A.B. asks: 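Have a look at this one.
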Amino acid sequence: MTSNTPAMTDLERLRHSTAHVLATAILRIWPEAQFAAGPPVDSGFYYDLELPHRITPEDFEKIEAEMKNETKANHLFERIVVSREEALELGRRGELAALGSRSSPSRFKLDIIEGIPPEEEISLYRNGSFLDLCAGPHVMRTGNIGAFKLTHVASAYYKGDERNPQLQRIYGTAFKTRKELDDYFAMLEEAKKRDHRKLGKELELFTFDEDVGPGLPLWLPRGAALIEELEKLAKETEFEAGYQRVRTVNIARESLYLKSGHLPYYKDSMFPPMTVEEKGNPGGSTEAIPAADRYYLKAMNCPHHHKIYAALPRSYRELPLRLAEYGYCHRYEQSGELFGLMRVRSLQMNDAHIYCTPAQFEAEFNAVNQLYLNYFKLFGIEKYMMRFSTHEAARLGEKYVDEPELWLQTEEMVRGVLQRSGINYVEVPNEAAFYGPKIDVQVWSAIGREFTIATNQVDFAQPKRFGLTYKDRDNTEKTPLCIHRAPLGTHERFIGFLIEHYAGNFPLWLSPEQVRILPIGTDAQLIEYSRAILNELRSKLVRAEIDGSTDKINGKIQRAEQMKVHTMLVIGRRDMEANAVSVRVHGQGNVGERPRDEAVAEILEQIRTRRA
RNA sequence: GCCGACGUAGCUCAGCUGGUAGAGCAGCUGAUUCGUAAUCAGCAGGUCACGGGUUCGAAUCCCGUCGUCGGCUCCA
């Protein structure tokens, strides 16, 4: 609210105005409330405030009633331009974000005024007796706000800095019409059904257990099937693209992470080390052995991969060298950050490191971006955004390795790749990895949450730290560039995303249970026929099951549908006699009788081509 | 990590202002020849997250711990 009239959509304008109405209502009930910022957000608006009374959802009704009074009064939103001195004076008298003069100054508003650049105009908005520091814009009158509702309370640090006081943040949403508001809440209800945590439980994909630990998912057989399919996809794709697979261990000595530079930059995100005392020598030698050593659980694969690079002398002829691994990493995320599968402490990354010469960089970096696009096409992901994160010169040596020229040089290379390939991207300063600039890919889950699903990072720092070199054409040793990439992110987050993306209705190739055979009745001959089909499918590596329960056929169908089994083969006497099966597809219902061989062939083809 | 809310059978949930727990589904047993979204009956299943405290008495009140969720900072 401190910049010049920012561009706002009509809906944002309406919601921002609702935030003012919210503040008006709160002051009617709690006149001592102090307000900070109240902007519109994607799903509505919020206003941050400081108040001794803890606002709970039970207070919402009362607050909404006051808000209603304010919209009924249909006050004009009046814009008033003041001088900096006038604004400060009003703030000192407590008249900003207030209904009139108060004993205590409007402390947050005063602080906000301090932050407004001197050349910028300072504006206030008044609706009825409520006056607030605000850049606007607003709707004409409070009565123009069609329908609103408060949704939840949360806490937030002032200006998002944990050293600042914690404020109460009240969230709400608003629309032009009642119907749009109702539709919005109906949509939220629908979205809840897609929540990967709910579906993960219902479809028996994964579980968390207190004894195992927070943020450490256990994959049930049906979830593990999803993992295996993704790995198969990645292995095939990467093999074709010239990657080589490697395998590395889960722990390493402290010295590895000191060398990589992770420890100073990344320590907070790693599990604390374990101290190992080497006792004696199994070989029986009496020679002294280093006493104690600290080992860390690996939080990333790169240092291990660098060691694999270093294991052999490298020639320019071998480059680009692409080392890939689906390694397990462990990161000590803050407890408050954990969120279903989307934010966990143990993760399996679709990781690879590409070592290349500067001349090869553009082609390699671009190939990785293209890999993303191919994957997105396969999964039908249409909405995504590439974020190009760069360094901040002021934080060299602290957040970023102190190599000013290399930063500028590699950032320019990445920018060039992006521009020449015509990919849509946004550039965000001060968000790079400590070792180089990067591209993150953001996607939106069905619930509307934004996630970083993939990453493509340049690393000019670690190869040097590890002393990685290659013998170039001119017989000199040179340091390669390294690209860290994870197009499918981690299994945990990617599968969490896919669950919501498909609402649990996976395409056949991914489906945890691809086919379920449902015999009608328990006739011995029929069971034998059904089992023969089951065995045939399994011999072709199809994840097929048979429902051998004594339920009636409707009951069997119900259970299979509830588990979202992709293809159901209903088999009765009629089918058996015709050497056929009746095919039912989840989401489509009965698609009719098919000759057995044809039905099997069709299933295999659909899996082979990973058809949606 | 910080602020707040929540934590009852495998799952979804009931249990009012304290009087030592209930349903449906799933599970088990038995019966049921059933053609495209639930066949019937019986049985079994809970130290009400964990640990303290208040009380004659606590799933219900208080404190602590753990976990989950909504946010804040952070990230794949």
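This one's a predicted model, so the numbers in the text were calculated from it and none came from an experiment. Letters A, B, ... mirror the listed sequences (proteins, then strands); counts begin at 1.
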A.B. asks: More 5' along RNA chain B: K198(A) or Q558(A), using each one's nearest nucleotide?
C.D. replies: K198(A)
A.B. asks: Under 3.5 Å, which donor-acceptor pairs do the side chains of residues 203-217 of chain A form with other protein atoms, sequence neighbours left out?
C.D. replies:
{"unit_1": "D209(A)", "atom_1": "OD1", "unit_2": "D211(A)", "atom_2": "N", "d": "2.7"}

A.B. asks: For L49(A) and C3(B), what is the distance between atoms CG and C1' respectively, to the nearest whole Å?
C.D. replies: 13 Å
A.B. asks: Rounded to whole Å, how long is the line connecting atom CE of M563(A) with atom C1' of A26(B)?
C.D. replies: 11 Å
A.B. asks: Taking protein heavy atoms under 4.0 Å as touching, what does nucleotides 39-50 of chain B look like 5' to 3' if B marks base contact, S marks sugar-phosphate-only contact and - marks none?
C.D. replies: B-----------
A.B. asks: For nucleotides C2(B) and A37(B), find the distance between their C1' atoms and express it as a whole number of Å.
C.D. replies: 48 Å
A.B. asks: Does atom CZ of R594(A) have more than 12 heavy-atom neighbours, drawn from other residues, nucleotides or ligands, at distances under 6.0 Å?
C.D. replies: no
A.B. asks: May I have the list of side-chain donor-acceptor pairs in residues 370-383 of chain A shorter than 3.5 Å, sequence neighbours left out?
C.D. replies:
{"unit_1": "Y372(A)", "atom_1": "OH", "unit_2": "T455(A)", "atom_2": "O", "d": "2.7"}
{"unit_1": "Y372(A)", "atom_1": "OH", "unit_2": "N456(A)", "atom_2": "N", "d": "2.9"}

A.B. asks: Regarding Q442(A) and T452(A), is there a side-chain donor-to-acceptor distance under 3.5 Å anywhere?
C.D. replies: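 Their side chains do contain a donor-acceptor pair, which is all the 3.5 Å distance test asks for.
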A.B. asks: Under the side-chain contact (heavy atoms from CB on, under 4.5 Å) rule, what do D268(A) and Y332(A) come out as? Steps first, then yes or no, please.
C.D. replies: CA-CA 7 Å; D268(A) 288 349; Y332(A) 192 76; over 6 Å; no
A.B. asks: Rounded to whole angstrom, note down the P distance from G15(B) over to C74(B).
C.D. replies: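 About 41 Å, rounded to a whole number of Å.
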A.B. asks: On a whole-Å scale, what distance lies between the C1' atoms belonging to U17(B) and A23(B)?
C.D. replies: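 Roughly 24 Å separates the two C1' atoms.
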A.B. asks: Mind calculating the distance between CG (L218(A)) and P (G67(B)) to the nearest angstrom?
C.D. replies: 15 Å
A.B. asks: Taking the C1' atom in each of U8(B) and A41(B), what is the distance between them to the nearest angstrom?
C.D. replies: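 Taking atom C1' in both U8(B) and A41(B), they lie 28 Å apart.
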A.B. asks: Would you write out the dot-bracket form of RNA chain B, 5' to 3', with Watson-Crick and G-U pairs under 3.5 Å, [ ] for crossing pairs, | for pairs to other strands and . for unpaired bases?
C.D. replies: (((((((..((((.....[..)))).(((((.......))))).....(((((..]....))))))))))))....
A.B. asks: Would you mind building the protein contact string for nucleotides 69-76 of chain B? One character per nucleotide, 5' to 3', B for base within reach (heavy atoms under 4.0 Å), S for sugar-phosphate only, - for untouched.
C.D. replies: SBBBBBBB
A.B. asks: For the pair made of CG in D209(A) and P in G10(B), what is the distance, rounded to whole Å?
C.D. replies: 12 Å
A.B. asks: Does anything in residues 581-590 of chain A come within less than 4.0 Å of RNA chain B? Heavy atoms only, and list the residues if so.
C.D. replies: S582(A), R584(A), N590(A)
A.B. asks: Say you pick atom P in U29(B) and the same atom in G22(B); how far apart are they, in whole Å?
C.D. replies: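 Each nucleotide's P atom is 26 Å from the other's.
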A.B. asks: Measure from CZ on R559(A) to C1' on A38(B) and round the result to the nearest Å.
C.D. replies: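 It works out to 9 Å between those atoms.
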A.B. asks: Pairs of donor and acceptor atoms involving the side chains of residues 192-201 of chain A, under 3.5 Å and at least two apart or interchain, shall be tabulated with distances.
C.D. replies:
{"unit_1": "K192(A)", "atom_1": "NZ", "unit_2": "E189(A)", "atom_2": "OE2", "d": "3.3"}
{"unit_1": "K193(A)", "atom_1": "NZ", "unit_2": "E190(A)", "atom_2": "OE2", "d": "2.9"}
{"unit_1": "R194(A)", "atom_1": "NH1", "unit_2": "E500(A)", "atom_2": "O", "d": "2.8"}
{"unit_1": "R194(A)", "atom_1": "NH1", "unit_2": "H501(A)", "atom_2": "O", "d": "3.3"}
{"unit_1": "D195(A)", "atom_1": "OD1", "unit_2": "R197(A)", "atom_2": "N", "d": "2.8"}
{"unit_1": "D195(A)", "atom_1": "OD1", "unit_2": "R197(A)", "atom_2": "NE", "d": "3.0"}
{"unit_1": "D195(A)", "atom_1": "OD2", "unit_2": "R197(A)", "atom_2": "NE", "d": "3.4"}
{"unit_1": "D195(A)", "atom_1": "OD2", "unit_2": "R197(A)", "atom_2": "NH2", "d": "2.5"}
{"unit_1": "H196(A)", "atom_1": "ND1", "unit_2": "E500(A)", "atom_2": "OE2", "d": "2.9"}
{"unit_1": "H196(A)", "atom_1": "NE2", "unit_2": "L341(A)", "atom_2": "N", "d": "2.8"}
{"unit_1": "K198(A)", "atom_1": "NZ", "unit_2": "E202(A)", "atom_2": "OE2", "d": "3.1"}

A.B. asks: Using a 4.5 Å cut-off on heavy atoms from C-beta on, say whether the side chain of E50(A) contacts that of Y158(A).
C.D. replies: no
A.B. asks: For C62(B) versus G71(B), give the span between their C1' atoms, rounded off to a whole number of Å.
C.D. replies: 27 Å
A.B. asks: Under the rule for ring-ring contact (aromatic ring centres under 6.0 Å, His included), what residues qualify as partners of Y425(A), not counting sequence neighbours?
C.D. replies: none
A.B. asks: Sequence neighbours excluded, which residues qualify as ring-ring contact (aromatic ring centres under 6.0 Å, His included) partners of H330(A)?
C.D. replies: Y328(A)
A.B. asks: Rounded to the Å, how far apart are E577(A) CD and U33(B) C1'?
C.D. replies: 13 Å
A.B. asks: H484(A): which residues meet the ring-ring contact (aromatic ring centres under 6.0 Å, His included) condition with it, sequence neighbours left out?
C.D. replies: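 Per chain and number, H484(A) pairs via ring-ring contact (aromatic ring centres under 6.0 Å, His included) with H353(A), Y435(A).
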A.B. asks: Could you check how far CE of M568(A) sits from P of U36(B), rounded to whole Å?
C.D. replies: 14 Å
A.B. asks: Using atom P of each nucleotide, how far apart are C3(B) and C13(B) to the nearest Å?
C.D. replies: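 One P to the other, the span is 28 Å.
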A.B. asks: Please state whether the rings of H391(A) and W407(A) are parallel, tilted or perpendicular, taking 30° and 60° as the class boundaries.
C.D. replies: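 H391(A) vs W407(A) ring planes: parallel.
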A.B. asks: Compare every heavy atom of V153(A) with every heavy atom of F60(A), then report the nearest pair and how far apart it is.
C.D. replies: CZ-N, 4.1 Å
A.B. asks: Under 4.0 Å, heavy atoms only, any strand: does Q562(A) hit a base, just the sugar-phosphate, or nothing?
C.D. replies: base
A.B. asks: Going by ring-ring contact (aromatic ring centres under 6.0 Å, His included), name the residues that satisfy it together with F434(A), two or more places apart in sequence or in a different chain.
C.D. replies: H262(A), Y265(A)
A.B. asks: Looking only at the side chains, is there a donor atom on one of Y400(A) and N430(A) sitting less than 3.5 Å from an acceptor on the other?
C.D. replies: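 Distance-only check passes for Y400(A) and N430(A).
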A.B. asks: Just the rounded figure in Å: distance from P of A37(B) to NE2 of H566(A).
C.D. replies: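 So the NE2-P distance, H566(A) to A37(B), works out to 18 Å.
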A.B. asks: Students often get this wrong, so: under 4.0 angstrom with heavy atoms, is N350(A) touching a base, only sugar-phosphate, or nothing?
C.D. replies: nothing
A.B. asks: Can you list the residues that meet the side chain to side chain donor-acceptor pair (under 3.5 Å) rule with E602(A), with sequence neighbours excluded?
C.D. replies: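 Expected list: R611(A).
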A.B. asks: If you measure from the P atom in A59(B) to the same atom in G52(B), how many Å do you get, rounded?
C.D. replies: 14 Å
